[in-house]
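Numbering of residues begins at 1 and proceeds along the displayed sequence. All figures in this text were calculated on a predicted structure; none of them were measured in a lab.
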Amino acid sequence: MKVDIISIFPDYFAPLDLSLIGKARTTGTLQLAVHDLRTWTSDVHRTVDDSPYGGGPGMVMRPEPWGQALDAVVSDAATLVVPSPVGKPFTQADAQQLAGLDHLVFACGRYEGIDQRVIDDAADRMPVREVSLGDYVLFGGEVAVIVILEAVTRLLPGVLGNADSLTEESHAAGLLEAPVYTKPQSWRDREVPDVLRSGDHGRIARWRREQSLLRTAGRRPDMYAAYSPEHLDKKDRKA
Ligand code: ADE
């Protein structure tokens with residue numbers, strides 16, 4: 001997958017050299033390039049922002065550098081992703097869809113956002129997704145891009161050693177995952193649940209399922225309510 005990131009703070013993306021994203025870049029699974037938006041400015045101050053039409057606080061990113069940057073970076077296969085507090089909430093399903101695409105271009109807004117015409121102009125030429133990480137406001141899109149890229153990269157073929165991790169994990173099946181334990185068996189007088197040491201795979205699977213349902217109902221009633229009833233069998237209802 002090809003990924004281009006456009007930002008006024010390219011240094012924010014240094015962590016993308018590390019860990020499994022770094023490895024995906026080394027192996028070529030992820031071809032990532034970070035671009036400084038100011039490359040596409042033409043004045044001596046390399047200005048990227050100006051005051052908003054209609055008044056109000058803060059500054060808005062000017063359309064010209066963004067237009068040129070996108071013209072230089074997008075391909076016929078590109079999807080533009082714009083992290084923004086006014087975007088649609090980003091979910092695991094979105095991560096899965098993005099992981100199936102060939103070329104993602106991320107536009108990192110700062111200040112009060114990017115002039116709307118940049119997004120409207122891009123949308124005439126390519127799929128555009130404005131996505132929000134949650135109902136709070138960050139300084140800019142940079143951290144959101146790192147989050148989205150983590151969620152997407154781990155779904156690319158070959159990135160995770162054990163592909164089962166992807167089917168078993170929280171959100172994969174619309175439920176939160178059950179609690180997990182490792183050695184030692186006893187720690188600060190707290191024991192690993194007996195069932196997990198029973199070797200009875202049927203019992204373990206039932207226990208995990210029950211824990212998963214209890215957790216989801218307690219912590220994410222919204223998710224639990226949306227969980228399709230045909231997936232709940234009689235045993236689950238008793239739990
Ligand atoms: N940029 C600023 N706030 C954001 C948010 N909540 N999600 C995504 N991008 C953002």
Side-chain angles (χ1 to χ4, degrees), residues 1-17 21-22 24-25 28-54 56 58-88 90 94-133 137-153 155-156:
M1 166 184 273
K2 192 169 172 331
V3 170
D4 289 280
I5 302 172
I6 307 166
S7 160
I8 57 168
F9 293 119
D11 291 349
Y12 250 96
F13 300 98
L16 299 181
D17 280 333
I21 294 202
R25 293 177 73 179
T29 304
L30 186 65
Q31 293 147 45
L32 180 82
V34 181
H35 310 272
D36 185 345
L37 178 68
R38 291 191 204 274
T39 309
W40 291 281
T41 55
S42 45
D43 63 310
V44 347
H45 300 296
R46 309 181 85 199
T47 313
V48 292
D49 61 336
D50 210 329
S51 51
Y53 270 111
M59 302 290 267
V60 174
M61 293 189 108
R62 293 175 61 99
E64 304 96 318
W66 274 113
Q68 286 189 38
L70 292 175
D71 289 350
V73 160
V74 299
S75 66
D76 289 346
T79 290
L80 179 65
V81 183
V82 188
S84 159
V86 302
K88 276 174 60 182
F90 182 71
D94 294 308
Q96 260 144 9
Q97 285 167 13
L98 295 186
L101 302 177
D102 291 330
H103 186 193
L104 302 180
V105 176
F106 288 97
C108 299
R110 282 263 144 181
Y111 318 114
E112 296 303 308
I114 303 172
D115 186 304
Q116 184 61 37
R117 291 168 294 180
V118 173
I119 287 117
D120 297 345
D121 182 59
D124 280 347
R125 291 182 286 150
M126 69 194 92
V128 176
R129 291 174 175 234
E130 286 186 83
V131 293
S132 168
L133 287 197
V137 181
L138 306 169
F139 282 131
E142 284 76 8
V143 168
V145 168
I146 296 176
V147 171
I148 295 167
L149 262 185
E150 282 229 2
V152 170
T153 305
L155 300 177
L156 298 178

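Every side-chain hydrogen bond (donor to acceptor under 3.5 Å, both in side chains) that H35 has, sequence neighbours left out, goes to D4. For I146, the side-chain contact (heavy atoms from CB on, under 4.5 Å) partners two or more places apart in sequence, or in a different chain, are F13, L16. Scored by the side-chain hydrogen bond (donor to acceptor under 3.5 Å, both in side chains) test, E112 finds no partners at all (sequence neighbours excluded).
Annotation: salt bridge (Lys or Arg N to Asp or Glu O under 4.0 Å) contacts involving residues 68-85, sequence neighbours excluded, comprise D71-R125. Listed by first then second residue, pairs satisfying salt bridge (Lys or Arg N to Asp or Glu O under 4.0 Å) with a partner in residues 137-146 read R110-E142, not counting sequence neighbours. Sorted by first and then second residue, the salt bridge (Lys or Arg N to Asp or Glu O under 4.0 Å) pairs with a member in residues 29-47 form an empty list; sequence neighbours excluded.
If you take CG on L70 and CG on D121, they are separated by 8.5 Å, rounding to the nearest 0.5 Å. Within the model, atoms CG of L155 and CD of Q97 stand 11.5 Å from one another, a figure rounded to the nearest 0.5 Å. Note: K2 NZ to H103 NE2 = 4.0 Å, rounded to the nearest 0.5 Å. The CD1 atom of I21 sits 7.0 Å away from the CG atom of L30 when rounded to the nearest 0.5 Å. Going from atom CD of Q68 over to atom CD1 of I6 covers 11.5 Å, rounded to the nearest 0.5 Å. Considering CD1 of I119 and OG of S84, their distance stands at 7.5 Å, rounded to 0.5 Å.
Minimum interatomic distance between L101 and L104 (heavy atoms only, all atoms of both residues): CD1-CD2, 3.8 Å. Listed here is the closest heavy atom pair of P127 and A78: CD-O, 3.5 Å. In terms of heavy-atom proximity, A99 sits nearest to L156 at O-CD2, 3.5 Å. Among all heavy-atom pairs drawn from E130 and V86, the shortest one is OE1-CG2, 4.1 Å. When every heavy atom of L37 is checked against every heavy atom of M61, the shortest pair comes out as CD2-CE, 3.7 Å. Contact record, G28 with Q31: O-NE2, 3.5 Å, taken as the closest heavy-atom pair.
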Problem - Check against side chain to side chain contact (heavy atoms under 4.5 Å, CB included), I5 and L149 - result: CA-CA 10 Å; I5 302 172; L149 262 185; 4.0 Å; yes

Practice task
Check the pair Y111 / V48 against side chain to side chain contact (heavy atoms under 4.5 Å, CB included), numbers first and verdict last.
Solution key: CA-CA 10 Å; Y111 318 114; V48 292; 4.3 Å; yes

Practice task
Tell me, with the steps shown, if V128 and D120 meet side chain to side chain contact (heavy atoms under 4.5 Å, CB included).
Solution key: CA-CA 9 Å; V128 176; D120 297 345; over 6 Å; no

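Within the 4.5 Å cutoff, the side chain of V74 has no heavy atoms near those of the L80 side chain. Using a 4.5 Å heavy-atom threshold, the side chains of M1 and V152 count as touching. Using a 4.5 Å cut-off on side-chain heavy atoms (C-beta onward), F90 and I148 make contact.
Tested against R62, the residues D50, V118, T41 include a single side chain to side chain contact (heavy atoms under 4.5 Å, CB included) partner, D50.
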